[in-house]
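Letters A, B, ... are given to chains in the order of the sequence lines, protein chains preceding strands, and every chain is numbered from 1. All values below were derived from every heavy atom in this structure, side-chain atoms included, with hydrogens, water molecules and symmetry-related copies excluded. Predicted, not measured: the structure shown is a model, and the values here were computed from it.
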Amino acid sequence: MKKLINSAETVVTDALRGLAAAHPDLRVDPGGRIVSRACGPTPGKVGLVSGGGSGHEPLHAGFVGYGMLDAACPGEIFTSPVPDQMVTATAAANGGAGVLHVVKNYTGDVLNFELAADLCAEEGVEIARVLVDDDVAVRDSPDTAGRRGTGATVFVEKIAGAAAEGGAPLAEVARVAREVNARSRSFGIALEACTTPVSGRPTFELGETEIELGVGIHGEPGRSRAAMRDARELAAVALDAVNEDMPLSGDVLVMVNGLGGTPLIELHIVFAEIAERLSGRGARVARSLVGDYVTSLDMRGFSVTACLLSEDLARLWDAPVQTPALRWGR
Amino acid sequence: MKKLINSAETVVTDALRGLAAAHPDLRVDPGGRIVSRACGPTPGKVGLVSGGGSGHEPLHAGFVGYGMLDAACPGEIFTSPVPDQMVTATAAANGGAGVLHVVKNYTGDVLNFELAADLCAEEGVEIARVLVDDDVAVRDSPDTAGRRGTGATVFVEKIAGAAAEGGAPLAEVARVAREVNARSRSFGIALEACTTPVSGRPTFELGETEIELGVGIHGEPGRSRAAMRDARELAAVALDAVNEDMPLSGDVLVMVNGLGGTPLIELHIVFAEIAERLSGRGARVARSLVGDYVTSLDMRGFSVTACLLSEDLARLWDAPVQTPALRWGR
Amino acid sequence: MDTALLTRWITGIAETVRANRERLTELDAAIGDADHGVNLDRGFGAAVQALAEEPPVSPGALLRLVGGTLIRRVGGASGPLYGTAFREAGRHLGSLGDSPEVSPAELARALRAGLDGVTRLGSAAEGDKTMVDALAPAVRALESATASPAAARAVAEEREAFEAAASAALAGAEATIPMVARKGRASYLGPRSAGHEDPGAASCALVFAALLSAVNDPGQG
Amino acid sequence: MDTALLTRWITGIAETVRANRERLTELDAAIGDADHGVNLDRGFGAAVQALAEEPPVSPGALLRLVGGTLIRRVGGASGPLYGTAFREAGRHLGSLGDSPEVSPAELARALRAGLDGVTRLGSAAEGDKTMVDALAPAVRALESATASPAAARAVAEEREAFEAAASAALAGAEATIPMVARKGRASYLGPRSAGHEDPGAASCALVFAALLSAVNDPGQG
Ligand SMILES: Nc1ncnc2c1ncn2[C@@H]1O[C@H](COP(=O)(O)OP(=O)(O)O)[C@@H](O)[C@H]1O
Ligand SMILES: Nc1ncnc2c1ncn2[C@@H]1O[C@H](COP(=O)(O)OP(=O)(O)O)[C@@H](O)[C@H]1O
Ligand SMILES: [Mg+2]
Ligand SMILES: [Mg+2]
Ligand SMILES: [Mg+2]
Ligand SMILES: [Mg+2]
């Protein structure tokens with residue numbers, strides 16, 4: 001394993017030092033692992049906080065800024081942050097109108113955010129929470145920890161962020177966030193596993209013509225192993241998995257997301273097939289993102305996330321955003 | 001080799017189909033391989049055209065839009081486009097005030113753009129050309145084809161694009177473009193080679209602890225092979241190579257660029273070290289880019305590009321830009 | 001059982017977790033995200049440091065400090081869960097007045113409170129392939145071996161109680177191998193989770209092995 | 001030598017380039033960017049198609065069509081260079097009136113014009129480790145073998161001229177192996193470029209081998 005790191009122990013701190021140097025419009029505490037807007041909380045605005053394990057960059061710190069998050073707290077690689085970080089991030093986001101915690105549905109994230117919310121409530125901060133659980137590769141049943149939160153997190157953070165920026169109260173921002181999650185589904189495919197800095201070995205081994213279907217974003221193996229196919233067929237596998245769980249029609253917001261080690265040219269090839277297949281079903285790519293947004297270290301592969309847009313959601317999606325990883329309209 | 005493609009032959013066309021589907025503000029001709037602004041040329045504005053082999057995404061098509069390129073023509077993977085494409089792109093960019101060809105210094109690109117410029121001149125279009133040759137890994141001597149054009153291309157396209165958008169005449173846009181190139185230097189390091197779709201094998205083989213110093217962006221081996229080191233030392237190797245050729249001081253525009261298969265978290269770690277080392281030399285990161293901008297398919301590694309900013313250049317850098325891969329200020 | 005013994009316990013956990021860091025991470029790589037060993041190493045290392053910086057005055061305070069440190073430093077699923085286990089155990093002793101010395105039976109009841117905290121927070125039952133599959137039988141073994149009045153028991157019998165707890169935890173951890181996970185990350189794999197030992201159950205077996213060592217070790221202070 | 005023979009030549013180049021596609025690409029992978037075989041395959045394939053669609057009426061027109069097609073379809077360094085070689089050769093014949101039949105000596109002079117075009121455009125000299133290292137000796141060999149008046153030469157001797165050109169090209173290509181490149185991508189490698197055959201020189205040897213085959217092959221039309 002060759003990685004551009006100084007040591008496995010300092011990966012997150014070192015990356016945050018780099019983020020700080022690259023983005024003067026962010027306030028970054030590399031030791032405390034808090035990233036927030038340099039301008040501080042916006043008085044009277046609902047605050048948005050998210051956090052989770054590192055290794056998914058640009059998620060979440062890359063989405064801090066006007067129109068999206070107020071603060072983020074990155075944990076260790078693939079490890080949920082601790083409640084103290086969440087409490088500090090909440091304080092950095094709190095403009096007095098309450099704070100929404102955007103939590104990806106993983107046991108660790110859920111438990112730590114739960115403990116944090118208790119602490120915040122003790123300090124008198126009004127907290128609402130949205131659980132993102134869009135990954136259809138996992139069955140949402142009592143036999144699982146529930147569907148994982150993956151690509152839809154970007155949609156939730158963007159759209160809820162726009163609602164908050166527009167002055168909506170906490171309950172409404174939370175409602176919009178939950179609506180986005182309810183209308184979104186994802187499915188991921190890996191061509192190669194990722195390698196965590198600590199273990200130094202791929203989290204699973206794939207043969208020359210093997211792929212893993214239904215992977216999450218933590219290097220865990222997926223739903224099943226399959227034979228490698230061309231981009232058109234792989235796009236179909238991913239889109240059909242989404243469509244099976246939530247039939248796609250009308251205006252759809254589509255993200256073809258790279259998992260960290262996939263070049264953009266390949267993502268565009270997948271996106272071409274997704275767009276074509278979607279329109280073959282009578283749906284339409286109304287808005288889109290193609291690139292690395294929710295990654296899994298250096299994993300090779302992609303995920304597809306689709307969100308059924310309403311007019312309101314489309315308007316909030318189009319609203320100005322000014323963050324390291326998403327920018328438009330301002 | 002597992003790649004998200006339909007076939008080695010259709011890679012470029014398929015990716016352009018995806019680009020078209022993702023960016024309604026671009027006019028994309030996947031068969032003819034021309035990408036231009038959907039709004040057509042801006043009357044009275046100097047046009048900017050660039051092009052080169054594919055495999056470097058988002059370069060160049062991802063930089064078409066307000067404040068940057070008017071048109072781009074992607075060739076086959078690692079193969080300069082042909083003169084006909086350049087002529088068509090020039091026509092799509094021509095607002096009547098002449099067109100600047102931004103050409104990376106490779107024999108193929110130079111020769112094809114030369115033939116194209118002759119054809120354009122025959123049609124009465126005024127053409128100027130800037131040759132980008134920033135890669136200090138290659139000695140600029142009669143014993144070489146001259147330094148390669150790599151990361152500085154982004155700076156040239158952005159800054160010259162802003163000058164053109166601001167109404168500067170062709171000679172001035174060309175002068176600014178040449179000034180940016182003259183003030184810019186790059187150096188690249190590969191941890192793993194890339195694999196071209198046609199050959200299906202890595203362009204060179206590196207051992208578990210070997211890296212290649214001074215690589216370009218076409219999978220060619222670099223200046224020398226060396227032992228893997230930590231991010232801090234690799235950042236120093238790259239920055240020192242740049243600094244040796246062009247001493248760095250004052251305000252510097254710095255790009256830490258991923259070569260296609262490197263996750264963002266690692267690029268931020270490198271950037272942290274670059275920024276620290278620069279300020280140790282009395283220079284300052286005045287502006288920066290961290291991410292994938294000029295890639296080499298799925299190569300793992302990074303390059304550093306530094307440009308000595310003047311006040312004028314900083315102002316042009318800050319000017320609004322609205323392209324798939326660079327957006328701000330509008 | 002006093003703070004010295006419990007400090008030896010926590011120090012012992014930190015040592016065995018450090019020694020088993022790679023093994024735990026490998027177990028987690030197979031059915032999780034390859035961080036369990038690192039997570040616990042960070043957490044128990046911090047706990048040992050916290051104990052050294054401000055040595056607690058009672059077993060209850062010690063367990064609360066360890067629990068709070070784990071919650072504050074580990075993250076992931078295991079941080080809140082292990083943290084809650086220790087904190088709730090400590091709180092139970094606190095509710096009894098935080099005496100400077102507790103009997104094995106009292107510790108058993110405290111660990112029962114810790115187990116209850118874990119299942120309340122994580123809502124895992126035995127058989128779900130989690131740390132609960134090692135923790136629950138260990139607590140049961142300790143409870144039943146310490147059920148008779150203290151006066152009637154010899155020191156040797158007490159050691160046997162902790163031996164019973166340690167082997168129950170180990171057996172519980174091994175029993176997770178064929179299970180299909182229904183909680184935590186491993187549950188994403190469905191049937192593919194069978195055939196692998198649960199990392200949290202494996203680390204829980206280490207925790208009870210360390211407790212046995214601490215009891216067996218006369219200590220220096 | 002008429003358009004039928006030259007059409008056989010171009011078709012032969014396309015076939016041998018297709019058969020050697022991987023080898024040429026491998027050579028380019030070692031000291032370039034692994035596309036030379038694909039580039040020429042695309043170009044000569046297109047040239048064959050262009051000849052079939054609108055068969056040219058003279059060798060000069062044929063060579064110009066091939067050259068223009070290569071320039072329009074290949075890209076890279078080899079597109080303009082090979083394209084210029086054929087186009088300038090064709091232009092030379094055009095300047096002489098585009099007769100439907102040319103002598104080997106006339107072809108030699110045309111190829112000399114092609115070589116001049118290549119060196120003008122790419123400014124490579126012999127020894128720089130480029131296609132020029134195969135092209136220049138081949139042209140020289142053809143020139144000297146066809147220097148005596150046509151009337152004095154037998155058909156067999158003509159074949160020998162093309163044999164001489166083909167072996168000169170092959171020897172020239174092989175001679176690039178120890179060279180340190182001073183032009184094109186391989187020059188980026190400096191001393192590391194030594195020890196590898198130049199892909200453009202290798203393809204140029206194929207071009208002259210195909211010419212010899214076309215001359216030897218009586219053809220059908
Ligand atoms: N709901 C739960 N209840 C009890 N234990 C759980 C639960 N979810 C996960 N665990 C335990 O946590 C362990 C994983 O811990 P760790 O790897 O540190 O956290 P994460 O899963 O967040 O990466 C699992 O092996 C399992 O024993
Ligand atoms: N300046 C030059 N003059 C003559 N031939 C050249 C020159 N530069 C490159 N070549 C030839 O072109 C060949 C490479 O062609 P090709 O791989 O198709 O293009 P590219 O280098 O653009 O990828 C080299 O092997 C060399 O023979
Ligand atoms: Mg984890
Ligand atoms: Mg090429
Ligand atoms: Mg884990
Ligand atoms: Mg080449």
Among the listed options D:E22, D:R72, D:R42, D:K183, the residue most often paired with chain B at heavy-atom distances under 4.5 Å: D:R72
Pairs of heavy atoms under 4.5 Å with chain B: top-ranked of D:I71, D:T25, D:V38: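 Highest number of pairs under 4.5 Å: D:I71.
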Donor-acceptor pair, side chain of B:N112 and main chain of D:G76, under 3.5 angstrom: yes
Heavy-atom contact with chain B under 4.5 Å, split by part of [X]:
X	answer
D:V74	backbone
D:A30	backbone
D:A181	backbone
D:R73	backbone
D:E26	side chain

Nearest heavy atoms of [X] and [Y], plus distance in Å:
X	Y	answer
B:D143	D:S187	O-CB, 3.9 Å
D:L189	B:P221	CD2-O, 3.3 Å
B:L115	D:R87	CD2-NH2, 4.4 Å

Closest-packed option against chain D by number of heavy-atom pairs under 4.5 Å, given B:A145, B:G75, B:G53, B:A137: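 The candidate making the most pairs under 4.5 Å is B:A145.
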Partner chain D: residue of B:R148, B:E220, B:E76, B:R223 with the largest heavy-atom pair count (under 4.5 Å):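 Among the listed options, the one with the most contacts to chain D is B:R148.
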Side chains of B:V198 and D:D35 in contact at under 4.5 Å (non-hydrogen atoms):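 The answer is no; the side chains never approach within 4.5 Å.
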Crowding at CD, B:E244 (>12 non-hydrogen neighbours, <6.0 Å): no
Check against salt bridge (charged side-chain N to carboxylate O under 4.0 Å, His left out), B:E212 and D:R192: CA-CA 13 Å; B:E212 190 75 25; D:R192 290 174 99 189; 2.5 Å; yes
Verdict with supporting geometry, D:L81 and B:L111, side-chain contact (heavy atoms from CB on, under 4.5 Å): CA-CA 8 Å; D:L81 289 165; B:L111 297 183; 3.7 Å; yes
